[in-house]
**Q** 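Before I ask anything, let me first share the structure, which is written out below as C-alpha cells.
Residue numbers run from 1 in the order of the sequence given. Order of listing sets the numbers, starting from 1, for every ligand and every atom in it. If you're wondering where the values come from, they're calculated on a predicted model, not measured in any experiment.
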Amino acid sequence: VIPGWFSEISPMWPGEAHSLKVEKILFQGKSDYQNVMVFQSSTYGKVLVLDGVIQLTERDECAYQEMITHLPLCSIPNPKKVLVIGGGDGGVLREVSRHSSVEQIDICEIDKMVVDVSKQFFPSVAVGYEDPRVTLHIGDGVAFLKNVPEGTYDAVIVDSSDPIGPAQELFEKPFFQSVANALRPGGVLSTQAESIWLHMHIIEDIVANCRQIFKGSVNYAWTTVPTYPSGMIGFMLCSTEGPAVDFKHPVNPIDADDSHSKSRGPLKFYNKEIHTAAFCLPTFAKKVVDSK
Ligand SMILES: NCCCN[C@H]1CC[C@H](N)CC1
C-alpha cells in the first residue's frame, strides 16, 4: 500500500488495481451489509467506496448514470413507471427525473447507509431524491420484485455493485425472471453488466439467461468510466415480448434544454450519437454477445 493512495484491489480483477491519490478520508462506516468509505481524491473529486470497490467519483459518475438510464428510457416512446433496483447514491434517480413523461419512480436500495452518505457527501448525485415522483424503499430488490404485480413497469434499471456481496443475486436467472414479470409487454431492462475486458464469462452467462427470459431484444452496450476497473463498463439492454424495441435507434430523444434544471445540471455525457455507438462492440465481445 502506497501512503496517501487508495488502490482498488479485488479478486474480481486479479493482478491489477486502479489507484487514486487521497487528500482526506471524509467518512468510514460499516453498515449491516458492507464497509462504506468516502474520500476526497486529488483529481476525481469525492469518491464513494463499498467494501474496497469504487462505486462512483464526482468527476466521472455522469458516464455511468447517464448511460445506464437514457439507453433504456430513450428507447421507448413514453416511459411512465420506472423502477430502480440498487442505485442508492441517487444518480440514476437524477437522470430518470430528466424525463418529463415519467410519472412514478420507485427505488429499492438494500443499504440505508449508502443513501444517507450520498445525501451528506454527494449532493449533486443525491439530488435525485428531491424529485416528488420518487418513492424510496429500503430493502432487498429480490424480495421487492416478488411483490410487484405483473406488467407494472415500463422500465427497470438495476444499478448494482458487483456479483460479490449484497448484489450477487441480482446477476442470477430467478431475478431476471422476476424483472421480466414486473415489466409490461415491450418494457425494458437496463442492468449493470460488467466489463468485456475482465468479465466475459459473467457476460456470457447473463446474455444466455437474458435470451431465455427476454423475448424482445437483448443487447450489450458500454460506456467509458476511467475509475472503474479496465476503464469501461457495460449494460444489458433487454425488452420483453410486445411492441418492438430497437435499442440502437432512440425513439424518445432527451432534449438537452428541458432535460436539465438548476439542481440537475446539464447532461455531460449522453447524446443520441453516443447512444447508437454504445452498442458497437469489438469482435471478441460481439462473438459472445451475438452467439448466445
Ligand atoms: N451508481 C453507482 C454505480 C455502481 N455500479 C458498480 C460499482 C462497482 C463497479 N465495479 C461496477 C459498477
**Q** Can you check whether Asp159 has an N/O within less than 3.5 Å of an N/O in ligand 1?
**A** yes
**Q** For ligand 1, which atoms have a heavy atom of Asp89 less than 4.0 angstrom away?
**A**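 Near Asp89, meaning under 4.0 Å from one of its heavy atoms, ligand 1 has 1 (N), 2 (C).
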**Q** Is the Phe235-Tyr64 ring centre distance short of 6.0 angstrom?
**A** yes
**Q** Using the ring centroid of each side chain, check whether Trp197 and Phe284 are separated by less than 6.0 Å.
**A**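 Yes.
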**Q** Nearest to atom 7 (C) of ligand 1, what protein heavy atom do you find, and at what distance?
**A** Gln55 OE1, 3.3 Å
**Q** Going by distance alone, is a donor N or O of one side chain under 3.5 Å from an acceptor N or O of the other, for Tyr153 and Asp106?
**A**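 Yes, a side-chain donor-acceptor pair sits under 3.5 Å.
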**Q** Using modelled atom types only, decide if a donor and an acceptor are shared between the side chain of Thr276 and the backbone of Lys248 within a distance under 3.5 Å.
**A** yes
**Q** Please work out whether any backbone atom (N, CA, C, O) or any side-chain heavy atom from C-beta onward of Ile233 is under 4.0 Å from ligand 1, and answer side chain, backbone, both or neither.
**A** side chain
**Q** Give a yes/no on ligand 1: does Met12 have at least one heavy atom closer than 4.0 angstrom to it?
**A**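 No; Met12 lies far enough from ligand 1 that no heavy-atom distance drops under 4.0 Å.
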**Q** Assess whether salt bridge (Lys or Arg N to Asp or Glu O under 4.0 Å) is satisfied between Arg94 and Glu66, documenting all intermediate values.
**A** CA-CA 9 Å; Arg94 177 192 67 207; Glu66 291 183 23; 5.4 Å; no
**Q** For residues 67-98, pull every pair meeting ring pair (Phe, Tyr, Trp, His ring centres under 6.0 Å), keeping only residues two or more places apart or in separate chains.
**A**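 Listed once each, the pairs are His70-His99, His70-Tyr270.
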**Q** Which of the numbered atoms in ligand 1 are under 4.0 angstrom from any heavy atom belonging to Val53?
**A** 8 (C), 10 (N)
**Q** Could you tell me whether Arg264 and Glu130 make a salt bridge, using a distance below 4.0 angstrom between a side-chain N and a carboxylate O?
**A** no
**Q** Is it true that Ile54 lies under 4.0 Å from ligand 1, counting heavy atoms only?
**A**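 Yes, Ile54 has heavy atoms under 4.0 Å from ligand 1.
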**Q** Can you figure out which of Ser160, Gly234, Ser230 has its heavy atom closest to atom 5 (N) of ligand 1?
**A** Ser160
**Q** For ligand 1, does Gln192 get within less than 4.0 Å through its side chain, its backbone, both, or neither, judged by non-hydrogen atoms?
**A**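 Within the 4.0 Å criterion, Gln192 contacts ligand 1 through side-chain atoms alone.
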**Q** Could you tell me whether Glu194 and ligand 1 have an N or O pair separated by under 3.5 Å?
**A** no
**Q** Give the numbers and elements of all ligand 1 atoms closer than 4.0 Å to a heavy atom of Gln65.
**A**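 In order of numbering, the contacting atoms are 1 (N).
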**Q** So do Pro229 and Glu8 actually touch side chain to side chain, heavy atoms under 4.5 Å?
**A** yes
**Q** Does the side chain of Trp222 reach to within under 4.5 Å of the side chain of Ile196, using non-hydrogen atoms?
**A**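 No, their side chains stay 4.5 Å or more apart.
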**Q** Considering only the protein, which heavy-atom contact is closest to atom 3 (C) of ligand 1, and what is its distance?
**A**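 Checking every protein heavy atom, the shortest distance to atom 3 (C) of ligand 1 gives Tyr228 OH, 3.1 Å.
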**Q** Given Val158, Asp162, Val84, which one has a non-hydrogen atom that is nearest to atom 10 (N) of ligand 1?
**A** Asp162
